[in-house]
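Below is one structure, written out as structure tokens; the observations come after it.
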Amino acid sequence: VGSRIASGVMMLGLGLQRAWLPYFFKEAAHDDAASWGRVRRLSFWSMAGMAAAVAGLGLLAPELVELIAPPGYSAAALVTAVLCISALLRTGAQVSGSVVLSVATGSYRIWIASGSAALINIALNLVFIPKYGALGAAWATTAAMALNMLFTVGISHMVRRVPFRYGAIAVLIVVVIAVVVGAADAPLVVRIALCAVVPLVAVAFDPRFAREQL
């Protein structure tokens, strides 16, 4: 049940990747300051939108589970929230992975990051599932996705220095994890209010652009 609900943001992340790769390749081919400025801004706001969606779905997971699942499925809310975080980390890896895929040996290098994370995921499953069940499997996946993202970012730095806003995006990811995990047992009204935290943080990082768009 948790996996099915979280698949909403997973599909959003996949859709973002399908749109992002052709855009990135087009801008990278120009290789000028204006193109990299657009890449810098759009990558940040794409991740910000994904982070806002993940935070919203993770915070409202208990009500969604109660709405669609029979009684006794309340534990699926925690699984949903953790898998939503995993989807955000996966999207971060996909955005930085575009840099790696822009070179001839990119596919091979991506497999190094993905294969390493997959092996770590299997090892964590062996440890976490016997103790924590489905929630342990969700955390194992999330930890592996975090490592996959870090591996991909590291490889992308070796391929090409792209001016992504790594610091700002990292802050958004930390805020999402803190809000979703920290407010898991909070009343609904508090969790609804917390849905606004991630968009506000994103606007604080780029207020001029947000004001222009509004």
Which heavy atom of [X] sits nearest to which heavy atom of [Y], and what is that distance?
X: Val198; Y: Ala55; result: CG2-CB, 3.8 Å
X: Ala140; Y: Asn125; result: CB-OD1, 3.3 Å
X: Leu21; Y: Ser98; result: CD2-CB, 3.5 Å
X: Leu83; Y: Ser3; result: CD1-CA, 3.6 Å
X: Gly56; Y: Cys195; result: CA-SG, 3.9 Å

Any non-hydrogen side-chain atom of [X] less than 4.5 Å from a side-chain atom of [Y]?
X: Leu42; Y: Trp20; answer: yes
X: Gln94; Y: Leu16; answer: no
X: His157; Y: Val99; answer: no
X: Met50; Y: Leu12; answer: yes

Looking at [Y], is its backbone amide N or carbonyl O close enough to the side chain of [X] to form a donor-acceptor pair, meaning the two atoms are under 3.5 Å apart?
X: Arg41; Y: Phe209; value: no
X: Ser156; Y: Val153; value: yes
X: Thr91; Y: Ala87; value: yes
X: Thr152; Y: Ser96; value: no

Quick one: pull up [atom1] in [X] and [atom2] in [Y] and give me the separation to the nearest 0.5 Å.
X: Leu172; Y: Phe44; atom1: CG; atom2: CZ; result: 5.0 Å
X: Ile110; Y: Asn148; atom1: CD1; atom2: CG; result: 7.5 Å
X: Ile155; Y: Leu150; atom1: CD1; atom2: CG; result: 11.0 Å

Of Met47, Met149, Met10, the residue whose pairing with Leu88 passes side-chain contact (heavy atoms from CB on, under 4.5 Å):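 Checked Met47, Met149, Met10 against Leu88; only one passes side-chain contact (heavy atoms from CB on, under 4.5 Å): Met47.
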Could you go through residues 66-79 and list every donor-acceptor pair under 3.5 Å that involves a side-chain atom there, pairing it with any protein atom two or more places apart or in another chain?
none

Could you walk me through whether Leu101 and Phe25 satisfy the side-chain contact (heavy atoms from CB on, under 4.5 Å) test, starting with their C-alpha distance in whole Å, then the side-chain angles of each, then the deciding distance to 0.1 Å, before giving a yes or no? CA-CA 9 Å; Leu101 292 173; Phe25 294 154; 4.1 Å; yes
Side-chain donor-acceptor pair present, Ser7, Arg4, cut-off under 3.5 Å: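 Judged by distance alone, the side chains do not pair up.
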